[in-house]
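Below is one structure; the comments refer to it alone.
Count residues from 1 along the sequence. Heavy-atom basis, side chains included; hydrogens, waters and symmetry copies ignored.
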Amino acid sequence: MENEVVSKNFIEQIIDKDLEEGVYTQVCTRFPPEPNGYLHIGHAKSILLNYGLAKKYGGRFHLRFDDTNPMKEKSEFVESIIEDVKWLGAVYDGEVLFASNYFDQMYEAAVKLIKKGKAYVCDLSAEEIRQYRGTLTEPGKNSPYRDRSVEENLDLFERMKNGEFEDGSRVLRAKIDMSSPNINMRDPVIYRVAHMTHHNTGDKWCIYPMYDFAHPIEDAIEGVTHSICTLEFEDHRPLYDWVVRELEYPHPPKQIEFAKLYLQNVITGKRYIKKLVEENIVDGWDDPRLVSIAALRRRGFTPESIQMFMDLVGVSKSQSSVDYAMLEYCIREDLKLKRSRVMAVLDPVKLIIDNYPEGQVEYMDVVNNQENEALGTRKVPFCRELYIEREDFMEEPPKKYFRLYPGNEVRLMNGYFVTCTDYKKDENGRVTEIHCTYDPQTRSGSGFTGRKVKGTIHWVAAPYAVRATVRLYENLVDEEKGVYNKEDGSLNLNPDSLTVLDNCYVEPDLANALAGDSFQFVRQGYFCVDVKDSTPLAPVFNRIVSLKSSYKPGK
């Protein structure tokens with residue numbers, strides 16, 4: 001419709017105004033992670049938001065690593081982040097960028113501030129700087145080194161660069177206002193001495209810029225127009241603006257803050273995940289019980305489902321938390337028309353059709369997805385001996401149990417009607433075999449209307465079935481207790497977050513499934529082939545999500 005009103009979030013409204021007023025001629029955004037761990041679902045929001053804005057306005061989107069802290073950063077994390085961004089479908093312009101590639105320009109920027117009388121070398125220790133800073137209610141006091149001459153500061157800063165001083169012995173501070181109501185403006189440290197090898201620059205530098213100084217410079221150098229970040233940086237914005245103003249960039253970028261994504265009852269803290277990994281509680285940073293992007297990818301989530309989730313969450317200035325069930329709803333919605341519905345038996349018991357000819361096999365025509373004809377059909381073998389789910393048979397069923405029990409007739413999905421005639425148990429009373437007879441007139445698709453049955457159960461043909469391992473995942477967190485123990489800050493973990501079933505059987509076609517392929521297992525949920533542990537001879541399927549949802553869209 002020509003007159004349709006498109007609702008825009010507050011960031012888009014700011015960008016529209018800037019473009020209309022000629023503040024900027026082309027939009028440029030960026031995703032600026034520090035490579036000190038794997039990205040999680042919250043970072044996905046930032047990636048898709050920044051990329052989406054650049055795409056919407058026909059602008060540029062950069063992937064730039066804020067690698068100014070060599071103490072915590074690794075090439076492993078750089079590579080994982082690049083993979084995550086590409087997987088999400090965020091296409092960055094040009095090469096991957098690194099803050100460390102601008103270290104020369106940052107050094108010159110610091111020299112410029114010294115020459116303007118806006119920065120000085122300070123000999124106070126970190127603890128003394130904290131003491132001098134003051135509190136939220138009391139102003140700070142000037143460092144005794146604040147009034148050093150420009151010449152002395154230039155000399156000391158160069159000697160810091162040349163490696164003459166030990167770590168922590170001297171810093172370079174911006175000269176702003178020690179009585180500012182914003183503590184971030186009370187002469188913040190902008191450079192520190194750190195004799196450490198950097199993953200990108202090696203041993204070239206022994207001084208490194210602080211994030212609050214480096215970040216606005218990186219944005220300005222790259223021509224970023226809108227530096228979009230989360231709300232915890234709102235109090236840092238005056239310092240961001242001070243840096244680009246004092247360094248006299250002609251088209252300074254504008255910082256805009258939005259609310260972080262908080263997902264209920266999940267673990268996102270890097271130090272907590274690192275501990276879980278080191279203690280072998282989880283299978284690495286990509287364990288499917290985590291919500292790192294790598295973990296979600298391994299579990300079987302799709303980029304489209306993550307985008308749908310972010311669209312539902314929206315962009316705002318107000319903090320709120322989101323139910324994990326919303327994320328599960330999105331993957332169900334994305335997969336339900338895209339994936340084949342196959343038969344898999346997770347807790348098998350053998351079913352023998354006594355009056356079915358021995359050695360005979362029929363290939364049943366099975367629709368891959370009843371809601372999407374475009375996915376076509378497949379052939380599934382049917383024979384005398386099958387596997388069915390143990391829960392689909394009961395010796396003494398309760399009322400309204402419509403599956404197999406002695407004397408009852410059910411439909412074998414895509415097969416025939418069968419009637420239970422007998423069963424066998426082992427010495428422990430566990431059912432080992434179920435015996436049935438079938439009615440040849442009732443073959444699925446034959447048009448039989450002679451009678452109806454209330455129960456339909458799925459199956460796999462025993463001689464042709466592929467044995468598989470299935471992993472059933474639940475929340476890693478004990479949801480009743482919450483993520484953190486209030487007494488000692490430890491994690492409240494769910495001891496039943498992973499169930500491994502080693503004796504499962506799936507349709508023979510699934511032997512050809514590739515790592516990462518996903519399916520709907522009839523009545524069980526959505527599953528994917530594990531990308532790390534699965535092999536053609538020993539397939540491993542991860543449950544992505546069950547079929548039932550507690551999330552109701554629009555509520």
Side-chain angles (χ1 to χ4, degrees), residues 332 335-393 400-421 433-466 468 504-513 517-527 541 547:
R332 287 189 193 94
L335 295 182
K336 70 179 182 181
L337 297 180
K338 293 181 179 179
R339 298 297 184 260
S340 294
R341 297 175 183 178
V342 302
M343 293 187 286
V345 177
L346 307 191
D347 185 13
V349 62
K350 185 166 282 189
L351 182 145
I352 300 170
I353 307 172
D354 293 320
N355 65 332
Y356 193 90
E358 290 195 42
Q360 178 174 303
V361 59
E362 296 178 80
Y363 284 88
M364 304 300 191
D365 289 312
V366 178
V367 176
N368 285 326
N369 188 316
Q370 287 82 356
E371 297 179 64
N372 183 1
E373 292 181 1
L375 292 184
T377 62
R378 66 187 185 281
K379 300 282 189 181
V380 177
F382 181 93
C383 59
R384 187 171 186 266
E385 294 191 3
L386 312 172
Y387 289 117
I388 66 169
E389 290 289 350
R390 186 169 294 278
E391 68 174 17
D392 286 342
F393 171 79
K400 296 186 178 180
Y401 181 85
F402 299 123
R403 285 169 271 175
L404 265 184
Y405 54 87
N408 194 44
E409 186 176 48
V410 301
R411 175 185 288 282
L412 295 176
M413 185 177 288
N414 306 301
Y416 294 95
F417 287 11
V418 294
T419 301
C420 179
T421 57
E433 285 182 5
I434 301 163
H435 288 261
C436 292
T437 58
Y438 87 116
D439 182 346
Q441 302 299 314
T442 60
R443 176 170 169 149
S444 181
S446 65
F448 174 79
T449 57
R451 62 186 182 278
K452 294 183 179 180
V453 290
K454 290 186 175 180
T456 299
I457 63 175
H458 66 281
W459 50 272
V460 291
Y464 305 95
V466 174
C504 305
Y505 290 96
V506 298
E507 287 184 27
D509 278 359
L510 269 63
N512 302 317
D517 285 354
S518 56
F519 308 87
Q520 184 190 125
F521 286 1
V522 172
R523 291 171 50 203
Q524 304 285 4
Y526 292 94
F527 291 76
F541 293 89
L547 294 178

Q: State which residues pass side chain to side chain donor-acceptor pair (under 3.5 Å) with Asn368; sequence neighbours excluded, sorted by chain then number.
A: Arg378

(Q) The criterion is side chain to side chain donor-acceptor pair (under 3.5 Å); which residues satisfy it with Tyr387, sequence neighbours excluded? (A)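 Residues passing side chain to side chain donor-acceptor pair (under 3.5 Å) with Tyr387: none at all.
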
Give a yes or no on whether the backbone of [Y] and the side-chain of [X] come within a donor-acceptor separation of less than 3.5 Å.
X: Glu507; Y: Val460; value: no
X: His458; Y: Val345; value: no
X: Asn369; Y: Arg339; value: yes

Can you give the donor-acceptor pairs under 3.5 Å from side chains of residues 412-420 to other protein atoms, not counting sequence neighbours?
from, atom 1, to, atom 2, distance (Å)
Tyr416, OH, Glu362, OE1, 2.8
Tyr416, OH, Glu362, OE2, 2.9

Tell me, do [X] and [Y] make a side-chain contact under 4.5 Å, heavy atoms counted?
X: Leu547; Y: Tyr526; answer: yes
X: Ile388; Y: Val349; answer: yes
X: Ile353; Y: Phe382; answer: yes
X: Met343; Y: Trp459; answer: yes

Report the residues that fulfil salt bridge (Lys or Arg N to Asp or Glu O under 4.0 Å) with [X], sequence neighbours left out, ordered by chain and then residue number.
X: Asp517; answer: none
X: Glu409; answer: Arg451
X: Arg341; answer: Glu371

How long is the span from the [atom1] atom in [X] to the [atom2] atom in [Y], to the nearest 0.5 Å?
X: Asp439; Y: Arg411; atom1: CG; atom2: CZ; answer: 10.5 Å
X: Cys436; Y: Arg384; atom1: SG; atom2: CZ; answer: 11.5 Å
X: Leu337; Y: Glu373; atom1: CG; atom2: CD; answer: 12.0 Å

Q.
Are there over 12 heavy-atom neighbours, none belonging to Gln370, within less than 6.0 Å of that residue's CD?
A. yes

Q.
Does Lys338 have more than 12 heavy atoms from other residues, nucleotides or ligands lying within 6.0 Å of its NZ?
A. yes

